[in-house]
Amino acid sequence: MKLHELTSQLLDECGKCRPRHARMREEEREPDFFGEVKPYADQVHSLIAEWQNRSKEWILQEHPKHVREAQIENAAEMMTQFVVQSFYPKTGKKRFYDSIQSAEYLLKTMLMSMEEETHRAE
């Protein structure tokens with residue numbers, strides 16, 4: 001899968017976390033970890049790991065203006081955490097939402113940078 005696709009997919013995943021968390025808070029129920037959380041998280045975590053590796057390669061090759069390797073590391077760690085946290089109603093909203101917003105900002109910045117590279121290449 002291409003980096004652009006992975007980045008878009010993770011951006012979409014960030015968008016799913018808020019409503020999932022709101023629904024879990026509304027339902028006031030604890031999820032089945034092995035039935036619900038783990039299979040879903042494992043799938044998303046593998047996407048995050050692939051995205052992280054491809055992003056580092058992209059940074060080394062393209063030297064994007066507004067994206068650094070440390071940002072990739074931080075975003076990957078945050079996404080790994082908030083995907084799981086989104087299933088739990090007791091997760092605090094402020095930090096949870098701030099983490100999602102931060103990851104979304106980086107992912108959007110990367111997509112814009114990739115699109116600029118495409119236009120320069122044409």
Side-chain angles (χ1 to χ4, degrees):
M1 194 178 299
K2 292 183 178 179
L3 179 60
H4 191 280
E5 287 176 61
L6 283 167
T7 305
S8 295
Q9 205 168 351
L10 288 176
L11 185 58
D12 183 52
E13 191 56 48
C14 289
K16 292 177 183 176
C17 287
R18 282 187 199 94
R20 180 184 311 117
H21 183 249
R23 188 177 64 249
M24 296 305 277
R25 286 175 74 105
E26 196 176 281
E27 294 173 3
E28 295 179 357
R29 71 174 182 89
E30 288 294 314
D32 173 14
F33 180 77
F34 291 103
E36 266 180 286
V37 181
K38 187 170 180 1
Y40 190 84
D42 285 348
Q43 180 186 0
V44 176
H45 289 174
S46 70
L47 286 176
I48 293 168
E50 185 178 350
W51 170 82
Q52 189 174 9
N53 291 331
R54 289 183 185 266
S55 295
K56 287 178 186 179
E57 292 170 8
W58 173 69
I59 289 170
L60 289 173
Q61 290 174 356
E62 301 297 332
H63 308 289
K65 208 184 261 189
H66 304 290
V67 181
R68 302 287 174 260
E69 193 171 330
Q71 292 171 291
I72 300 298
E73 297 291 332
N74 289 337
E77 187 175 321
M78 283 188 294
M79 287 187 283
T80 300
Q81 291 176 9
F82 68 66
V83 165
V84 173
Q85 291 170 345
S86 69
F87 284 91
Y88 292 93
K90 292 181 180 163
T91 297
K93 280 174 87 171
K94 171 103 175 90
R95 186 168 175 220
F96 175 72
Y97 278 55
D98 287 350
S99 294
I100 294 172
Q101 185 176 10
S102 179
E104 286 175 328
Y105 179 80
L106 175 65
L107 294 167
K108 288 175 184 175
T109 300
M110 287 177 67
L111 289 172
M112 286 179 6
S113 185
M114 286 181 241
E115 288 167 14
E116 287 173 10
E117 286 170 18
T118 303
H119 291 303
R120 269 187 263 131
E122 291 175 350

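Numbering starts at 1 and runs along the sequence shown.
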Quick check for you: to the nearest 0.5 Å, what is the distance between [X] atom [atom1] and [Y] atom [atom2]?
X     : Y     : atom1 : atom2 : result
Leu10 : Leu47 : CG    : CG    : 6.0 Å
Glu13 : Leu6  : CD    : CG    : 12.5 Å
Asn53 : Trp58 : CG    : CH2   : 15.0 Å

Contact list for [range], test salt bridge (charged side-chain N to carboxylate O under 4.0 Å, His left out), sequence neighbours left out:
range           : answer
residues 61-82  : Lys56-Glu73
residues 78-101 : Lys94-Asp98
residues 40-49  : Lys38-Asp42

If hydrophobic clusters are built by linking Ile, Leu, Val, Met, Phe, Trp and Tyr wherever their side-chain heavy atoms come under 4.5 Å apart, do Val84 and Met79 end up in the same one?
yes
Identify whether Val44 and Leu3 are in the same connected component of the hydrophobic contact network (ILVMFWY, side-chain heavy atoms under 4.5 Å).
yes
Least distance between heavy atoms, [X] atom then [Y] atom:
X      : Y      : value
Ser86  : Val83  : OG-O, 2.7 Å
Glu104 : Arg18  : OE1-NH2, 2.8 Å
Cys14  : Ile100 : O-CG2, 3.8 Å
Ile48  : Thr80  : CD1-N, 3.7 Å
Met78  : Ser102 : CE-OG, 3.4 Å

Flag if over 12 foreign heavy atoms under 6.0 Å of CD, Glu27:
yes
Where at least one partner belongs to residues 6-51, residue pairs that pass ring-ring contact (aromatic ring centres under 6.0 Å, His included), sequence neighbours excluded:
His21-Phe96, Tyr40-Phe87
Would you mind reporting whether Ser99 and Gln81 have side-chain heavy atoms less than 4.5 Å apart?
no
Any heavy-atom pair between the side chains of Pro39 and Gln43 that's under 4.5 Å?
no
Glu5 bridged to Arg54 by N-O distance under 4.0 Å
no
Salt-bridge criterion met for Arg20 and Glu36 (N-O under 4.0 Å):
no
Please enumerate all residues that pass side chain to side chain donor-acceptor pair (under 3.5 Å) together with Asn74, with sequence neighbours excluded.
none
Could you list the donor-acceptor pairs under 3.5 angstrom formed by side chains in residues 105-113, with sequence neighbours left out?
unit_1: Thr109; atom_1: OG1; unit_2: Tyr105; atom_2: O; d: 2.8

